[in-house]
There are 2 protein chains.
Amino acid sequence: MQNSECRILYTCVIQNDMFTKACENAIRAVLLITIKGREDKKLSIQQIAKAIDSPLPFTAKILQTLSREGLVASAKGPNGGFYIDTKAKPITLSQVVRAMDEESVLTTCALGLKQCSDKQPCPIHHQVKAYKNQLSKVLHKKTVQDLAKDLTDGKTFLRSHRKVKK
Amino acid sequence: MQNSECRILYTCVIQNDMFTKACENAIRAVLLITIKGREDKKLSIQQIAKAIDSPLPFTAKILQTLSREGLVASAKGPNGGFYIDTKAKPITLSQVVRAMDEESVLTTCALGLKQCSDKQPCPIHHQVKAYKNQLSKVLHKKTVQDLAKDLTDGKTFLRSHRKVKK
DNA sequence: TTAATAAAGGATAAAATTATCCTTTATTAA
DNA sequence: TTAATAAAGGATAATTTTATCCTTTATTAA
């Protein structure tokens, strides 16, 4: 078979991550604002998009939502931008996820059944329960503020590092 | 505000499940074929789509993939259909998931970083790790055949029950 | 050996998600 | 009080995922 062509496989599905892109970017944005933004040092959409390596207009939409939901504070006009009220309660990851995608990772059946419960379980309901609980704990207990320290200390990262140009 | 309109919120994102729809349906299809299909009792696409409550042509595509990947056997022509070779090795959930969506739930960063590892972790890398490990165990250890018994016994279900008409 | 059956495969359509653009509104500072 | 700045909001475009349709190929049974 000398002439084997490189065919495009269009049948299968490639992506299914834990959160939506919107949600991923939201978590990263909130984290950035937590460690870098203050009322006297607000962050613009541009700064945020760049720092978390997220498309600018998409980032704008996400920030709009986060601001509307009251998770981050915003100010219009010159010197405006986003920040987090230091007097406000710590923000749980769950709050961010709920603001963006209704936490459906936790709330819907893994096999897509409309009804799926302990009483009428899908075939993997019980197996999935343990890890949903685990994720649930992480989302409900961990706050953005909890995660901020490692980030400040350079132990965790909000964007992938670029290879250094020679 | 008497005339408050019901606006459509188009900003936010609604869905993000553990697996893609294709993958959900694939798992359910394989389970059905396991408990109901034999070489002398093959199941047609129609029967499968109905039993797992999945759109017929979409189901056809999924079965095509599963068949191409060798997870289920198929036969064309009259009395054709899908079945599972009883002499074949048990099928892990992982195999099904990989056939459909590359198991990206396990393999990609929860916050969408291109590079994310123990050495260069995203802010929730460590928190998510336990969860991923747990899911990984379920997917790699549990086989379709393991799950079949409860299904046969009527303890678990492949589709939501309809409300009974009066 | 032919008609009927059923999966395989290719192309396309619909829906959902992600991303972009542009106008409006609010705020600041000159 | 006006120009400049920056977020808010609305509409739309691009991409991905889901779903559908139709033709081809293989198999069976008459």
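When reading the values below, keep in mind they use all heavy atoms of this one structure, side chains included, and skip hydrogens, waters and symmetry mates. Within every chain, numbering begins at 1; the chains are lettered A, B, ... in the order of the sequence lines, protein sequences first and strands thereafter.
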Here the distance between atom P of D:dA8 and atom CZ of A:R68, to the nearest Å, is 9 Å
In whole Å, what is the span from the CD1 atom of B:I62 to the P atom of C:dA8? 13 Å
Closest heavy-atom contact between A:M18 and B:K132? CE-CE, 4.2 Å
Quick one: on DNA chain C, does A:P78 or B:L43 contact a more 5' nucleotide (nearest heavy atom)? B:L43
Would you kindly compare A:L63 and A:G77 by the position of their nearest DNA chain D nucleotide and give the one closer to the 5′ end? A:G77
To the nearest angstrom, the CG-C1' distance between A:N79 and C:dA29 comes to 9 Å
Of the listed D:dA8, C:dT18, D:dA19, the closest approach to the B:F58 side chain comes from D:dA19
Given atom NZ of A:K61 and atom P of D:dT12, what is their separation to the nearest angstrom? 13 Å
Describe the nucleic acid contact of A:A60 in one word from base, sugar-phosphate, nothing, applying a heavy-atom distance below 4.0 Å. nothing
Nearest-nucleotide 5' precedence on DNA chain C, A:P55 against A:K76: A:P55
Taking atom P of C:dA7 as reference, at what distance in whole Å does atom CD1 of B:I33 sit? 10 Å
Would you say a side-chain N or O of A:S67 is under 4.0 Å from OP1 or OP2 of D:dA7? no
What closest approach, in Å, do A:F19 and A:L139 show between heavy atoms, and which atom pair accounts for it? CZ-CD2, 4.1 Å
Between P on D:dT5 and NZ on A:K42, what's the gap in Å once rounded to a whole number? 16 Å
If you look at every heavy atom in A:I52 and A:R28, which pair is closest and at what distance? O-NH1, 2.6 Å
4.5 Å side-chain heavy-atom contact, B:T143 and B:T92: yes
The correct list of stems in which DNA chain C takes part (3 or more consecutive Watson-Crick or G-U pairs, distances under 3.5 Å) is C:1-30 with D:1-30
Interatomic distance, A:N25 CG vs C:dA19 P [rounded to whole Å]: 7 Å
Can you find a heavy atom in the side chain of B:N25 that is under 4.5 Å from one in the side chain of B:F58? yes
Phosphate-side-chain proximity, B:S74 and C:dA6, N/O vs OP1/OP2 below 4.0 Å: no
Would you say that A:P123 contacts B:L158 through its side chain, given a criterion of any heavy-atom pair below 4.5 Å between the two side chains? yes
Interatomic distance where CD belongs to A:Q46 and P belongs to C:dT20 [whole Å]: 14 Å
Side-chain heavy-atom pair B:L147, B:T156 within 4.5 angstrom cut-off: no
